[in-house]
Amino acid sequence: MTFLPSDHTMENPMNTPFKNDRRKINYLRISLTDRCNLACMYCVPKGSIPSLPHKDIARYEEILKITRAAVELGITKVRITGGEPLVRKGLTDFLKELSKIDEIKDIAITTNGVLLVKYLDELIDSGLKRLNISLDTLKPEKFKFITGKDRFNDVWNGIMAAFKKGIDPIKLNIVSLRGVNDDEIEDLAAISMQYPFHIRFIEYMPMGNSAVDIGQQILIPEIRKKIESKFGALEPVKRDKYDGPAKRFRIKGGIGEIGFISPVSSHFCNECNRLRLTSTGMLRPCLLNKYEKDILKHLRNGASDEELKEIIREVIINKPLSHHLEKNSTAHVESQMSKIGG
Ligand code: SAM
């Protein structure tokens, strides 16, 4: 049964009232690791970050236990993310266990694609059908500038390998930044003319101690205008039941899609159906709010399934109605994306 946080008047720690909140929470994003084989300028903090010790990271069996409890409260969709999920050993065995949970109807992964060629067959064997891959540029030199690593060809080869194996849809995530890759918006959009990929532009969210200046943020209306100036008016695509917050379009004659994700210029908090489990076992109702519950600590202290469900209910009840990032503002979220999981 899906839990609807509807009939209470409790306030969350950020003083956001929850009265009459009817959002249906059915989506769990699980971060498997804080480690990453890239260091994207908009994601990881400036300077070096020490990796967390192994003992602080939730073990696969612990993640499965928490997930099963969440499933009993209505979770039907799971996304695996990080850090970079493909750097964690045992990922595909974990995915096989996850796919044995009948109630989970959709399992997806967000990856930077660096290790995709290596793990693709195993991922497909473990039931993977859909992939989101981050790709901010088509230029190898710029890829190195944005991510700190010279791995463009590995990522592109991974995308092509996934395409040849029939993974569908393949969604490419792009964070456009002024003065960095804004000159490639049209070229990236044009991929959807040649391949059936979903090319998704995501607004930069100022989080943690990132190397990006707020002046580099480009909002979706500007991105859309650039694409439409080159290709003409975009045609809307009908939504389907597993759609997330992306507004879907097609370039006339395109075989793929263009997606716009606008957490800042037009936030989708009122339809947000997500919970997040960080790699250290913190359960969060919102990426952009620091409220979280240490569900792993409770599990390690012997919490029963019922007690785990009680914690999950509490986190759902405390889901903020909205975040506080606004257009043209320097409002900033303390949490680091790479630690929570994107
Ligand atoms: N390593 C994987 C990857 O690169 O896709 C998964 C983790 S990454 C944090 C997930 C997504 O978050 C990526 O698509 C990335 O572009 C996005 N992301 C990271 N930092 C962001 C930020 N500050 N604003 C908007 N999107 C961000």
Side-chain angles (χ1 to χ4, degrees), residues 29-46 49 51 78-88 91 108-116 119 123 128 130-137 143 146-149 151-152 154-156 158-159 162 170-178 180-181 184 188 197-220 223 244-246 259-268 274 276-279 284 286-288 323 325 330-342:
R29 291 172 81 102
I30 300 173
S31 172
L32 289 188
T33 176
D34 62 315
R35 294 172 198 228
C36 191
N37 43 5
L38 299 181
C40 300
M41 58 192 297
Y42 49 77
C43 187
V44 302
K46 282 183 270 193
I49 20 162
S51 289
V78 171
R79 174 169 299 280
I80 306 302
T81 181
E84 171 50 37
L86 268 57
V87 302
R88 181 155 175 184
L91 168 67
I109 294 190
T110 301
T111 172
N112 58 32
V114 168
L115 296 174
L116 204 49
Y119 289 117
L123 288 168
L128 181 79
R130 317 189 308 110
L131 262 181
N132 287 20
I133 304 164
S134 300
L135 184 75
D136 301 309
T137 174
F143 185 94
I146 295 170
T147 68
K149 298 279 164 62
R151 305 300 295 264
F152 173 81
D154 295 321
V155 177
W156 187 254
I159 294 168
I170 292 174
K171 298 184 182 178
L172 303 186
N173 289 347
I174 299 150
V175 178
S176 284
L177 296 173
R178 203 175 303 289
V180 177
N181 55 351
E184 291 189 74
L188 287 158
F197 303 162
H198 297 200
I199 311 300
R200 293 145 38 103
F201 294 89
I202 307 174
E203 287 173 348
Y204 165 71
M205 294 174 278
M207 295 180 66
N209 177 25
S210 114
V212 172
D213 184 86
I214 191 66
Q216 292 177 278
Q217 182 183 56
I218 310 181
L219 301 177
I220 292 301
I223 293 173
F260 294 126
I261 303 178
S262 49
V264 180
S265 64
S266 170
H267 71 71
F268 35 84
R274 304 168 177 188
R276 289 168 188 271
L277 183 65
T278 73
S279 57
R284 286 186 159 234
C286 174
L287 174 67
L288 300 168
H323 65 66
L325 287 183
T330 50
H332 176 105
V333 176
E334 270 175 53
S335 321
Q336 197 69 47
M337 175 71 105
S338 53
K339 264 185 119 172
I340 306 169

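Hydrogens, waters and symmetry mates play no part in the numbers below; they use all other heavy atoms, side chains included. Read the numbers this way: they start at 1 and go in the same order the structure lists the ligands and their atoms.
The N/O atoms of Glu84, backbone and side chain alike, include one that comes under 3.5 Å of an N/O atom in ligand 1. For a threshold of 3.5 Å applied to N or O pairs, the pair formed by Met207 and ligand 1 contains no separation below that value. Looking at ligand 1, you'll find an N or O of Gly83 within less than 3.5 Å of one of its N or O atoms. At under 3.5 Å, a nitrogen or oxygen of Asn173, whether backbone or side chain, sits near a nitrogen or oxygen of ligand 1. Polar contact check, Tyr42 against ligand 1: a nitrogen or oxygen pair lies under 3.5 Å apart.
The line from CG of Leu123 to CG of Leu116 is 7.0 Å long, rounded to the nearest 0.5 Å. Note that the CG atom of Leu91 and the CG atom of Leu128 stand 9.0 Å from one another [nearest 0.5 Å]. Atom-to-atom distance recorded for Asn132:CG and Thr81:OG1 is 9.0 Å, nearest 0.5 angstrom. Put simply, CG on Leu172 and CG on Leu135 are 6.0 Å apart, with the number rounded to the nearest 0.5 Å.
Remark: of the listed residues Ser262, Ser265, Ser176, Ser266, Ser265 is the sole one forming a side-chain hydrogen bond (donor to acceptor under 3.5 Å, both in side chains) with Glu203.
Here Asn112 has heavy atoms under 4.0 Å from ligand 1 in both its backbone and its side chain. Of all the heavy atoms of Val175, the ones lying under 4.0 Å from any atom of ligand 1 belong exclusively to the side chain. Contacts of Leu38 with ligand 1, taken as heavy-atom pairs under 4.0 Å, are absent altogether.
When each atom of ligand 1 is checked for a heavy atom of Glu203 under 4.0 Å away, the hits are 24 (N), 25 (C). If you number the atoms of ligand 1 from 1 as listed, the ones under 4.0 Å from a heavy atom of Thr81 come out as 6 (C), 7 (C).
The nearest non-hydrogen atom to atom 4 (O) of ligand 1, considering only Ser134, Pro263, Cys43, comes from Ser134.
Glu84 and Thr111 share a donor-acceptor pair across their side chains, judged by distance under 3.5 Å alone. For the residue pair Arg79 and Thr110, a side-chain donor N or O sits within less than 3.5 Å of a side-chain acceptor on the partner.
Shortest non-hydrogen contact noted between Leu188 and Asp136 is CD1-O, 3.6 Å.
The shell of residues lying under 4.0 angstrom from ligand 1, judged by heavy atoms, includes Gly82.
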